[in-house]
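Note that the coordinates shown come from a computational prediction; the quantities given were computed from them, not determined experimentally. A note on names: the letters A, B, ... follow the listed sequences, proteins ahead of strands, and every chain is numbered from 1. Scope of the values below: all heavy atoms of this structure, side chains included, with no hydrogens, waters or symmetry mates.
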Amino acid sequence: MLYNDQIMEHFLHPKNMGAVRNSDGIGEVGSVHCGDVIRLFIKVDSGIITSSGFEVFGGAAAIASASYLTEAIKGKTLSDALLLANSGELDKALGGFPASRLKSAVFVCEALQAAIKNYYDNNGIGYDPFDFAIGCSLCDGCDF
Amino acid sequence: MFTYADNAATTKLSENAKKAMLPYFDELYANPSSIHSAGQKIKDDINKARETVAEAINASSGREITFTSGGTESDNQAVISAALLGAERGKKHIISTSFEHHAVLHTLTKLKKQGFDVTLIDPDLNGIVPAEKISSAIREDTALVSVMYANNEIGTIQPIAEIGAVCREKGILFHTDAVQAAGHLPIDVQQQNIDLLSLSGHKFHGPKGSGVLYARKGIALSRLIEGGGQEKNRRPGTENVPAIIGLAAALKESVENIDTESEQIRRLRDKVISGLLAIPDTRLNGDPEHRLPGNINISFEGIDGESLILLLDNIGISVSNGSACNSSSSQPSHVLRSIGVPQEYIRGTLRITLGRYNTFEQADYIISSVTKIVSYLRSFSSVFKKDGEEKLHAV
Ligand SMILES: Cc1ncc(COP(=O)(O)O)c(C=O)c1O
């Protein structure tokens, strides 16, 4: 099998598929030419993510990652969600991705970062750009 | 319902081939090179298999048949032998196509490094390389033309008889990789002016690891490896006897039933094609008429083929992605690009290849399953335009 059971479980039974109506932040990452395209939506109430959803053009790694991450950030503060996006949590929780598909998981983390940034920008909330600049730790050592 | 629809990758061993092989795993185990009667019996059986293969492709005698380990070895040996024969006469130019199997393409890459000049012709947008494109690439120093009979990815059939005629007229060796064609399309090496031809047992319900290289009388094959004098000094090593017997039995069976079987598979194919083309924003890749009876190469806009394949697999349907690239690479297929499949479609390509053991029920199952899964994946696609929504342009 290309993917482990955890990834397959999320891929076969994904949560939060589709756009979120009247969302407060949207992050889009990727390109049809060179990889997956992830669009991630968040709804925010008093600094807490109340719902989240995603659209994806990609394979099982992208769908499983987006399913996991959109579920994991619900009820979290924006800064905790950002920490999650920047940690290796996704890789750990899903038991590791095949090297050739790691990029898909990275894109999903970056889409979450982009959605949070978009929310801050939309609402005139200041932030430390460094929080967004460090990138997803999954990407440590990989050459994308 | 388990539905194996990846017959271009490999086929199920036929009962007849299996039965023919079984005695050679136990009772009939002697070495065909031994001079005792047990050994000579095996030698005779191999030669009978050789005659069977010769007859199936209308070779003039079994002496033109060499058994190999498969399509890959046959392709390597054919191309290298022809290149060396050319080089002996100062001819170091080879013409082939850009969508050959890697067994040919990578051999050509190696020859290029050794000083050969290689011209690769692109297929037209219908996935066919017209004979005129080949003939206009021919030069004074052309030693070999190698064009596959049918493409493994998009299934398109190449005009090999015409190309063979052009080559014969100009005294250039012509090799065809007939691995995907055998058992489905007529092969007549004399009428089609073929000098060298590759077959692979496991693509026509024979065993894996078995192959044939046909070389017309008078064409000296070079050995790829050194060793004993088996296969008339062309292919050293003790013969894989069960595989040889199984290949011949499977080829005979396929060729005997070629008309009825191809017709049956073609009907299934056309049913699946029309069923799937009813899905909006879908395109069939490669010429609809001039394609292998079992090949369906089809693209769905806005979704990723890997997701589609894994979801089909989850309900028992084995198909492949449309690209020649292996499952560890997500690089879109150069074949699909070269026949002009638009970027938004390429990633969502499936290769469904039907065969002898597929049924109408399975065809219906494929159509309904693919239809459901495509619409499911599109429902949350980031690039597919949903009803009443502007297409959001991805960067
Ligand atoms: C067109 C073509 N040529 C050659 C081969 C290689 O054959 P084999 O698997 O017997 O080495 C294949 C099969 O993968 C093929 O489709």
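Contact record, B:R347 with A:V32: NH1-O, 4.2 Å, taken as the closest heavy-atom pair. When all heavy atoms of B:D304 and A:F57 are compared, the closest pair comes out as N-CE1, 4.0 Å. Between A:G59 and B:S307, the shortest heavy-atom contact is CA-OG, 3.2 Å.
Residue A:Y3 touches chain B through its side chain alone, counting heavy-atom pairs closer than 4.5 Å. Only the backbone of B:I303 comes within contact range of chain A, with at least one heavy atom under 4.5 Å from a heavy atom of that chain.
Contact check for A:M8 versus B:N314: no side-chain heavy atoms found under the 4.5 Å cut-off. Residues B:S382 and A:I38 form no side-chain contact, since every pair of their non-hydrogen atoms from C-beta on lies 4.5 Å or further apart. B:L377 is not listed as a side-chain neighbour of A:M17, based on a closest heavy-atom distance of 4.5 Å or more. Within the 4.5 Å cutoff, no side-chain heavy atoms of A:L12 are placed close to those of B:L310.
In terms of non-hydrogen atom pairs under 4.5 Å with chain B, the most contact-rich of A:G58, A:A60, A:P14 is A:G58.
Annotation for A:N123: atom CG counts as buried by contact number, over 12 foreign heavy atoms lying within 6.0 Å. Within 6.0 Å of NZ on A:K43 lie more than 12 heavy atoms contributed by other residues, nucleotides or ligands.
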